[in-house]
Visitor: 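Input: one structure, supplied below.
Just the heavy atoms: all of them, side chains too, but no hydrogens, waters or symmetry mates, feed the values below. Reminder, nothing fancy here: chain letters follow the sequence lines and each chain counts from 1.
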Amino acid sequence: MTEAGPQPAIHARDAAVVKLRRLTVAVLAAAAAAAASVAGYVASAAGVRATSQGVAAAPSSIPPVPAPAATVPLAGAAPSGISPPASAPAPASAAPVAVSGGS
Amino acid sequence: MKSIALRALGTSAVLATADPAGLPAARRLLVCGLRAFDLACSRFRDDSELTALNRAGGEPTRVGELLWDALVVALRAAELTDGIVDPTVGRSLRLAGYDRTYLRVRVREGRLVEPAFEPAGHWRSIELDEDRRQVRVPPGVELDLGATAKALAADSIAGAAAELAACGVLVVLGGDVAVAGSPPEGGWPIRIADDHSTHCDVPGPAVAISAGGLATSSTVVRRWDSSTGEQHHLLDPRTGRPAETPWRTATVAAGSCVDANTASTAAVVLGHAAPAWLEDRRLPARLVRRDGAAVYVGGWPERALAA
């Protein structure tokens, strides 16, 4: 098995990740709750797809990315899985503090 | 309200807090978070985890939690867009000429670059083993997490900073906006532009959001010369070529920055189909045609005109 990344990079990252990890999980959890279940992308402990749609067996011991599990949209959420905003943007009444643009 | 700006992830970052007293703590978290995401997800760092994964030659590779999360988010985006936003576009980008940081792409002699175009579309072949936190990328497939990882960073950092600073926080990474916590009265006012490096004071449309995210994708930035003409970074994974699209810029509001970014990128690539695609998903959006005419979708405020 390969271990990704030189160790110094991993060590440096880990210190930062400790503070961010729970929030990353929170973001994922919110996304999952709003739409496609993140758990649907990963294999269960038994190596069985956590999806009702099923995926053909993979040649390796690591299962392939399965199709997403059935979505459980929140009230008002579109069935697509991409969560719409709680409310549409409003015309700004104050001077902008930032720019949304291509990068 | 107070804000700062800095360079990060090959682009710019802006941080604002509703309570000025919360800015120092939020700034520490921003710097910490950006470094973590860069070390995990950069395609251009020799020492990043993503680079190691791309070079693993098809071997199952254990990855850190942050790269794992970024991969799950990227694959979710691919599923939700039917592969229009595809993390396996890395090889296509490299062959098209985006094979180094954009700063280095800009300064090289572009006419000597001979691009090749190869479709992507391998995202279903990425194998994840959650128990071992292992990932297998098939040989010949290269990942690029540029779009969704940046947005995930914005969402994560905004959420963490809002909690740490105990106030509303706005994080902008390369023009992708995430907000968390209690917003200032009237929401966070944000200028909309083709290019994220546009100054806030430049006249143009501006909107306010109070939660979630806002993202803009544009074909007028990250362009480079090549022997066969100018290229841009928004590739159509189905062809491996820069998307041929009627839109020069797409801005989308969504429940998170990740979702806004996913939708704005998809909108540009989808081209003429984008307005209906966005409407179906109840996503407010502003699409700008190449001639500058704007199309408003999903309840985007048409009154948000130049201030």
Visitor: I'd like to know if B:R62 and B:D129 make a salt bridge, using a cut-off of under 4.0 Å between side-chain N and carboxylate O.
Guide: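 No salt bridge links B:R62 with B:D129.
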Visitor: Considering only heavy atoms, which portion of B:L170 lies under 4.5 Å from any heavy atom of chain A: side chain, backbone, both, or neither?
Guide: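 Side chain of B:L170 only, per the 4.5 Å heavy-atom cut-off to chain A.
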Visitor: Report the option among B:C200, B:G146, B:G212 that has the most heavy-atom pairs separated by less than 4.5 Å from atoms of chain A.
Guide: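 Winner by heavy-atom pair count: B:C200.
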Visitor: Do B:S264 side-chain atoms and B:N261 backbone N/O form a donor-acceptor pair below 3.5 Å?
Guide: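 Side chain of B:S264 to backbone of B:N261: a pair is present.
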Visitor: Can you tell me which of B:A263, B:A253, B:G299, B:S3 forms the most heavy-atom pairs within a distance under 4.5 Å of chain A?
Guide: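 The residue among B:A263, B:A253, B:G299, B:S3 with the greatest pair count is B:A253.
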Visitor: So what's closer than 4.5 Å to chain A heavy atoms on B:I209: side chain, backbone, both or neither?
Guide: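 Looking at B:I209, just its side chain touches chain A.
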Visitor: Counting heavy-atom pairs closer than 4.5 Å to chain A, which one of B:A193, B:A215, B:G213 comes out on top?
Guide: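 Heavy-atom pair counts peak at B:A193.
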Visitor: For the candidates B:S218, B:G255, B:S217, which exhibits the highest count of non-hydrogen atom pairs separated by less than 4.5 Å from chain A?
Guide: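 Ranked by heavy-atom pairs under 4.5 Å with chain A, first place is B:G255.
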Visitor: Can you list everything that forms a side-chain hydrogen bond (donor to acceptor under 3.5 Å, both in side chains) with B:T262? Sequence neighbours excluded, please.
Guide: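 Checked B:T262 against side-chain hydrogen bond (donor to acceptor under 3.5 Å, both in side chains); zero matches.
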Visitor: Hey, what do you get for CG (B:D176) to OG (A:S103), rounding to the nearest 0.5 Å?
Guide: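 Output value for this atom pair is 6.0 Å.
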Visitor: Under 4.5 Å from any heavy atom of chain B, what part of A:A98 do you find: side chain, backbone, both or neither?
Guide: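 When you check distances to chain B, atoms from both the backbone and side chain of A:A98 fall under 4.5 Å.
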Visitor: Please classify the contact between B:A211 and chain A as side chain, backbone, both or neither, with a heavy-atom cut-off of under 4.5 Å.
Guide: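 For B:A211, no heavy atom lies under 4.5 Å from chain A.
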Visitor: Evaluate the side chain to side chain contact (heavy atoms under 4.5 Å, CB included) criterion for residues B:C41 and B:L67: first the C-alpha distance (whole Å), next the side-chain angles of each, then the deciding distance (0.1 Å), finally the verdict.
Guide: CA-CA 6 Å; B:C41 302; B:L67 179 54; 4.2 Å; yes
Visitor: Are B:E79 and B:R124 within salt-bridge range, i.e. N to O under 4.0 Å?
Guide: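 Judged by the 4.0 Å cut-off on N to carboxylate O distance, B:E79 and B:R124 do form a salt bridge.
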Visitor: Could you measure the distance from the CZ atom of B:R281 to the CG atom of B:L80? Nearest 0.5 Å is fine.
Guide: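 Result: 8.5 Å between the selected atoms.
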Visitor: So which of A:A94, A:S87, A:P89 has the largest heavy-atom pair count under 4.5 angstrom toward chain B?
Guide: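 Counting heavy-atom pairs under 4.5 Å, the top option is A:P89.
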Visitor: Select one option (side chain, backbone, both, neither) describing which atoms of B:D194 are under 4.5 Å from chain A's heavy atoms.
Guide: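 Backbone of B:D194 only, per the 4.5 Å heavy-atom cut-off to chain A.
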Visitor: Side chain, backbone, both or neither: which part of B:H233 has an atom under 4.5 Å from a heavy atom of chain A?
Guide: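 The answer is the side chain of B:H233.
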Visitor: Spell out, as yes or no, whether a donor-acceptor pair under 3.5 Å connects the side chain of B:H196 to the backbone of A:G102.
Guide: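 Pair found, side chain donor or acceptor close to backbone of A:G102.
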Visitor: Checking B:A250 against chain A: side chain, backbone, both or neither under 4.5 Å from a heavy atom?
Guide: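 Neither part, no heavy atoms under 4.5 Å.
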Visitor: Between B:A260, B:G175, B:P189, who has the most heavy-atom pairs with chain A when the cutoff is under 4.5 Å?
Guide: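 Top option by heavy-atom pairs under 4.5 Å: B:P189.
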Visitor: With sequence neighbours excluded, tell me which residues meet salt bridge (charged side-chain N to carboxylate O under 4.0 Å, His left out) with B:D38.
Guide: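 By the salt bridge (charged side-chain N to carboxylate O under 4.0 Å, His left out) rule, B:D38 matches B:R45.
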Visitor: Which one wins on heavy-atom pair count under 4.5 Å against chain A: B:L234, B:L214, B:T249?
Guide: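 Result: the option with the highest number of such pairs is B:L214.
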